[in-house]
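Here the structure comes first, spelled out in structure tokens, and everything after it is commentary.
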Amino acid sequence: MSRLASQAARLTIDLGALADNWRKLNALNAPGLAGAVIKADAYGLGIEKAAPALHKAGCRSFFVAHLSEGVRARAALPDGEIFVLNGLAAGDLAAYRAHRLAPVLGTMSEITAWKAYRDEEPEAERAALHVDTGMNRLGLRPEAFRDLLAAGEIPWDDLSLVMSHFVSSEVPDDMMTARQIGVFGELATLIEKARASIPELSTSNQPLRLSLCNSSGHFTAAAGRYPLSRPGYALYGGNPTPGRKNPMRAVVRLEAPVIQITPVPAGETVGYNSNFRATRDSLIATLSCGYADGYPRNAGAKPDRAGGYAIIAGRECPFAGNVSMDLITVDITRLPRGSVKIGDFATLIGDGLDIDRVGEAARTIGYEILTNLGRRYERVYVDQA
Ligand SMILES: *Cc1c(COP(=O)(O)O)cnc(C)c1O
């Protein structure tokens with residue numbers, strides 16, 4: 001390792017595990033296909049590395065949130081479709097065309113704008129249409145969609161996908177999931193009928209696909225499987241089945257070097273605001289990683305609540321006090337004497353200390369741990385079969 005990097009925490013991203021996770025989800029969605037959600041810089045892992053690895057595994061349908069992410073994704077992907085979830089803003093049309101991107105339309109005015117644009121630029125991509133079945137966030141309400149359908153006002157030639165998004169698919173037997181599957185299923189039937197009654201469509205070679213499942217949906221919502229799924233979190237090693245064994249391979253590993261080992265006499269405190277007080281003569285390892293690296297400050301330990309953990313010399317050791325900007329202090333008192341030395345790496349994510357547990361320790365979810373992964377880490381991409 002270069003000397004300059006010697007105080008940086010090391011983030012190792014396993015593109016082989018990422019590809020494996022996609023293959024697993026793709027098999028689960030058979031006979032349909034799995035796409036890949038690569039918004040937010042592929043959940044913090046790096047879109048320029050993640051997108052080609054997924055493409056190589058066979059993925060051809062990608063979803064980003066912003067147009068700017070779509071532009072980056074297209075630069076990394078020679079082919080395959082790229083959908084922009086947050087939709088079409090005025091003035092964006094030419095950029096969609098130039099980078100071969102497809103907007104996910106969610107309002108009548110977006111639908112009208114894209115149709116008008118494609119009338120002029122027939123080579124522009126066909127769009128996706130988002131129908132909101134319960135999130136009340138993005139997309140047409142089902143009744144608005146039904147009205148358009150009944151009026152024959154859905155521009156089928158301009159659409160390649162109709163999709164909706166689950167509210168809480170990670171919760172098994174959630175009533176909301178069942179309701180959303182029901183609503184989407186009814187719409188699917190209506191769509192099929194409406195399209196069957198348009199003779200030109202049956203002869204066109206432009207099929208329409210439907211899409212409902214995110215990561216957890218692959219495991220909890222068998223009835224919600226459609227020709228294209230949209231997993232994100234599970235691709236990156238997050239547990240799509242919270243509370244049960246994680247069926248995915250771990251993709252990220254975060255290790256930070258021990259840069260000092262400090263004996264702390266009983267009664268003294270550690271860190272800002274003295275949130276850790278030594279109840280006996282203690283030994284504190286200081287790690288070169290902090291909230292400026294994206295490690296959550298909320299994982300700090302307080303007198304009345306445990307915080308996060310680091311694996312040092314093979315054992316899980318609790319944080320001692322606050323997570324600070326560049327440093328984390330860890331109580332290694334119970335480790336055998338001499339088992340840690342300066343320069344050793346402590347594991348902050350990995351070896352069973354997965355992103356879901358880190359999220360829990362920080363009172364958030366693993367998604368936020370991933371998307372906050374910092375830019376100061378030494379990033380190492382590996383490809384483990
Ligand atoms: C983020 C997102 C996904 C992916 O969800 P995961 O829970 O990460 O699998 C799928 N669809 C839409 C519309 C999203 O916004």
Side-chain angles (χ1 to χ4, degrees), residues 18 21-22 24-26 28-29 32-45 47 50-51 54 59 61-67 69-70 73 81-88 101-107 110 127-140 160-172 174 176-177 180-181 183-184 209-221 224-243 246-249 251-252 354-356 359 364-373:
L18 174 68
N21 287 342
W22 181 81
K24 177 169 198 143
L25 294 160
N26 191 51
L28 275 171
N29 203 46
L33 298 170
V37 180
I38 54 171
K39 61 193 179 189
D41 201 21
Y43 288 47
L45 273 63
I47 198 169
L54 289 161
C59 182
S61 303
F62 298 86
F63 294 84
V64 295
H66 289 203
L67 177 58
E69 297 172 340
E81 51 188 357
I82 302 172
F83 292 101
V84 180
L85 290 166
N86 285 11
L88 192 61
L101 306 174
V104 178
L105 312 172
T107 64
E110 287 172 84
L129 179 61
H130 194 157
V131 182
D132 193 324
T133 52
M135 192 83 89
N136 284 325
R137 192 177 68 163
L138 277 181
L140 285 181
S160 68
L161 190 73
V162 174
M163 56 169 270
S164 192
H165 190 38
F166 281 131
V167 168
S168 34
S169 59
E170 74 284 4
V171 182
D174 190 87
M176 181 60 115
T177 306
Q180 291 185 279
I181 289 173
V183 172
F184 199 71
R209 292 154 302 162
L210 302 186
S211 173
L212 184 54
C213 282
N214 64 337
S215 295
S216 293
H218 289 78
F219 299 86
T220 60
R225 297 213 186 117
Y226 283 94
L228 183 63
S229 64
R230 306 183 313 276
Y233 190 50
L235 290 172
Y236 309 108
N239 187 356
T241 60
N246 189 350
M248 312 315 296
R249 278 184 66 186
V251 176
V252 295
D354 59 23
I355 47 185
D356 293 273
T364 180
I365 54 176
Y367 288 71
E368 194 176 352
I369 302 302
L370 285 180
T371 55
N372 281 342
L373 288 171

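Atoms within each ligand, like the ligands themselves, are counted from 1 in listed order.
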Any side-chain heavy-atom pair of Ser61 and Arg209 under 4.5 Å:
yes
Which atoms of ligand 1 have any heavy atom of Tyr233 under 4.0 Å away?
6 (P), 8 (O), 9 (O)
Less than 4.5 Å apart, any side-chain heavy atom of His218 and any of Asn29?
yes
Does some side-chain heavy atom of Leu373 sit less than 4.5 Å from a side-chain heavy atom of Tyr43?
no
The single option from Asn239, Asn214, Asp356 passing side-chain hydrogen bond (donor to acceptor under 3.5 Å, both in side chains) against Tyr233
Asp356
Note the single closest protein heavy atom to atom 11 (N) of ligand 1, along with its residue, its atom name and the distance in Å.
Arg230 NE, 3.0 Å
Apply the test side-chain contact (heavy atoms from CB on, under 4.5 Å) to residues Tyr236 and Val252: give CA-CA distance (whole Å), side-chain angles for both, the deciding distance (0.1 Å), then the verdict.
CA-CA 7 Å; Tyr236 309 108; Val252 295; over 6 Å; no
Side chain, backbone, both or neither: which part of Ser215 comes within less than 4.0 Å of ligand 1 when only heavy atoms are counted?
both
Quick one: does Lys39's side chain have a donor or acceptor within less than 3.5 Å of a partner on Glu69's backbone?
no
I'd like to know if the side chain of Asn21 reaches the main chain of Leu235, judged simply by a donor and an acceptor atom lying under 3.5 Å from each other, with no hydrogens or angles considered.
yes
Is Asn214 close to ligand 1, meaning an N/O of one under 3.5 Å from an N/O of the other?
yes
Distance under 4.0 Å to a non-hydrogen atom of Pro231: what atoms of ligand 1 satisfy this?
9 (O)
Please give me the minimum heavy-atom distance between Thr177 and Ala221, naming the atom from each residue.
CG2-CB, 4.1 Å
Using a 4.0 Å heavy-atom threshold (strictly under), name the region of His165 that reaches ligand 1: side chain, backbone, both or neither.
side chain
Looking at Tyr43, which atoms of ligand 1 are within less than 4.0 Å of one of its heavy atoms?
1 (C), 4 (C), 5 (O), 6 (P), 8 (O)
Against heavy atoms of Met163, which atoms of ligand 1 measure under 4.0 Å?
13 (C)
Would you mind telling me if ligand 1 is within reach of the side chain of Tyr367, the backbone, both or neither, using heavy atoms under 4.0 Å?
side chain
Side chain, backbone, both or neither: which applies to Leu85 and ligand 1 if a contact is any heavy-atom pair less than 4.0 Å apart?
side chain
Would you mind telling me if ligand 1 is within reach of the side chain of Lys39, the backbone, both or neither, using heavy atoms under 4.0 Å?
side chain
